[in-house]
K.L.:
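Structure below; questions to follow.
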Number of protein chains: 2
Amino acid sequence: MSQTRQQIIDLADQLIREKGYNAFSYKDISSVLNIKNAAVHYHFPSKAELGKAVIQQNWKDYTRELKKWDVLNPTQSLEAFIQVYEKLGSQGLVCFMGAMGAAYETLPEIMQSELTAASVEIRLWLRQVLRKGLETNEFHFTEKVEEKADFIISALLSSLILQRVTKENIPANVKSAILASVK
Amino acid sequence: MSQTRQQIIDLADQLIREKGYNAFSYKDISSVLNIKNAAVHYHFPSKAELGKAVIQQNWKDYTRELKKWDVLNPTQSLEAFIQVYEKLGSQGLVCFMGAMGAAYETLPEIMQSELTAASVEIRLWLRQVLRKGLETNEFHFTEKVEEKADFIISALLSSLILQRVTKENIPANVKSAILASVK
DNA sequence: GTCTATACGCTGATAGAC
DNA sequence: GTCTATCAGCGTATAGAC
């Protein structure tokens with residue numbers, strides 16, 4: 001992978017998190033990298049392909065993290081998961097799902113399918129962590145695992161969005177509440 | 001308020017929820033209402049003022065609901081609150097906070113301040129409901145009220161976004177988990 | 001890989017007629 | 001209130017030179 005291509009993806013990722021997919025432009029990228037509009041098109045003929053590459057990179061990085069956590073116990077896994085959002089929050093960023101999910105219906109189809117596939121995997125992973133935690137008696141809650149998982153994922157996703165709006169540390173509050181709610 | 005002005009606000013509201021503030025245009029509105037671009041500018045000289053009007057209308061409607069719920073007990077209040085998101089979810093819509101919050105930093109300042117003010121009020125309202133529920137022994141949870149409130153609001157907000165991505169009934173799952181977690 | 005040049009529709013916005 | 005006319009700039013995208 002060429003260096004410029006990688007820079008374009010990284011920049012597009014940043015722009016999507018900041019402005020959303022529909023509101024960033026090739027010029028936003030070319031002006032920062034000091035290249036021309038056409039040079040960006042050389043690497044990504046269409047904006048949809050660039051968007052797809054951004055999702056794929058995010059997902060690749062995410063699954064690599066997930067793999068690393070295989071050795072952790074349920075409590076540690078959940079904390080590692082939460083820490084991803086904590087880190088994003090400390091940088092004032094939103095997650096890629098939050099950035100693109102709100103305008104999901106307007107995304108090119110090749111981006112929609114990538115995004116949906118990623119959401120399936122994340123939900124399955126967290127369910128499995130919660131299930132294991134119940135079995136080992138590390139976690140204690142009465143809700144259905146599926147519902148608890150969606151509750152947690154949803155809260156983490158929005159905590160980053162609401163942090164921007166409220167200018168308060170919502171991710172920290174959500175973290176405390178999640179950890180308390182599984183004890 | 002003229003009928004056209006009201007139609008413009010309603011349409012802009014719909015477009016913002018669907019595409020986001022930065023990605024909708026005056027043409028999206030004028031073409032549907034069968035008027036010209038310039039006619040929209042007559043009612044809202046700038047896009048920022050239209051965006052502000054959309055937030056204000058949402059907030060006016062929201063606070064009217066909140067007032068109605070003054071007579072309810074904490075359990076009923078929480079259920080009424082959740083029902084707002086359930087209804088949006090059944091229509092495939094996201095809430096105005098979710099639609100605009102993700103790109104908060106790119107919004108005109110007059111929109112940012114309206115949005116932030118609204119978030120303060122909602123959080124205060126839910127905290128008060130949770131606090132009262134603890135006092136009356138209707139609710140049982142050990143987390144801090146502030147953290148629990150942010151947990152719940154965050155989850156509801158994202159449940160609408162994730163419903164689009166996953167094509168599953170996330171709001172229903174989140175609703176169950178919330179109600180179970182305060183029992 | 002990056003450039004210049006170019007296409008052409010859409011963008012938010014304004015001036016002035018009706 | 002709505003129209004026509006007009007604006008300068010930006011949007012994605014392509015062709016072909018270097």
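Atoms considered below: every heavy atom in the structure, side chains included; atoms not considered: hydrogens, waters and symmetry mates. In what follows, chains carry the letters A, B, and so on, assigned in the order in which the sequence lines appear, proteins first and then strands, with residues in each chain numbered from 1. Computed from a predicted model, the values in this text were never measured in an experiment.
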K.L.:
Can you pull the salt bridge (Lys or Arg N to Asp or Glu O under 4.0 Å) pairs that have at least one residue in residues 29-40 of chain B, sequence neighbours excluded?
P.N.:
none
K.L.:
What pairs with B:W125 under ring pair (Phe, Tyr, Trp, His ring centres under 6.0 Å), at least two apart in sequence or on another chain?
P.N.:
B:W69, B:F81
K.L.:
Can you tell me which residue pairs pass the salt bridge (Lys or Arg N to Asp or Glu O under 4.0 Å) test with a partner in residues 11-21 of chain A, sequence neighbours excluded?
P.N.:
A:D13-A:R17, A:K19-A:D28
K.L.:
For DNA chain D, which residues in residues 8-16 of chain A have a heavy atom at a distance below 4.0 Å?
P.N.:
none
K.L.:
For B:Q3 and A:N22, find the nucleotide of DNA chain D closest to each by heavy atoms; which residue's nucleotide sits nearer the 5' end?
P.N.:
B:Q3
K.L.:
Remaining members of A:Y42's ILVMFWY cluster at a side-chain heavy-atom cut-off under 4.5 Å?
P.N.:
none
K.L.:
Keeping to residues at least two apart or across chains, list the ring-ring contact (aromatic ring centres under 6.0 Å, His included) pairs with something in residues 138-160 of chain B.
P.N.:
A:F151-B:F151
K.L.:
For residues 103-121 of chain A, which residue pairs qualify under salt bridge (Lys or Arg N to Asp or Glu O under 4.0 Å), counting only residues two or more places apart or in two chains?
P.N.:
none
K.L.:
For A:H41, check side chain to side chain contact (heavy atoms under 4.5 Å, CB included) against everything at least two apart and list the hits.
P.N.:
A:Y26, A:N37
K.L.:
Hey, could you give me each pair passing salt bridge (Lys or Arg N to Asp or Glu O under 4.0 Å) that has a residue in residues 153-179 of chain A? Not counting sequence neighbours.
P.N.:
A:E86-A:K175, A:E168-B:R123
K.L.:
Can you find a side chain N or O atom of A:S2 that sits less than 4.0 Å from OP1 or OP2 on C:dG1?
P.N.:
yes
K.L.:
Does the side chain of A:T4 get closer than 4.0 angstrom to OP1 or OP2 of C:dT2 through an N or O atom?
P.N.:
yes
K.L.:
Which residues, if any, of residues 29-43 of chain B bring a heavy atom under 4.0 Å of DNA chain C?
P.N.:
B:N37, B:A38, B:H41
K.L.:
What N/O pairs connect the protein and nucleotides 9-11 of chain C at under 3.5 Å? Give each pair on its own line.
P.N.:
unit_1	atom_1	unit_2	atom_2	d
C:dT11	OP1	B:S25	OG	3.2
C:dT11	OP2	B:S25	OG	3.2

K.L.:
Rounded to whole Å, please give me the gap between NZ in A:K19 and P in D:dC10.
P.N.:
12 Å
K.L.:
Under the side chain to side chain contact (heavy atoms under 4.5 Å, CB included) test, which residues partner B:A39, sequence neighbours left out?
P.N.:
B:I35
K.L.:
One pair to check against side chain to side chain donor-acceptor pair (under 3.5 Å): A:Q6 and A:D10. What are the steps and the verdict?
P.N.:
CA-CA 6 Å; A:Q6 186 58 53; A:D10 289 341; 3.1 Å; yes
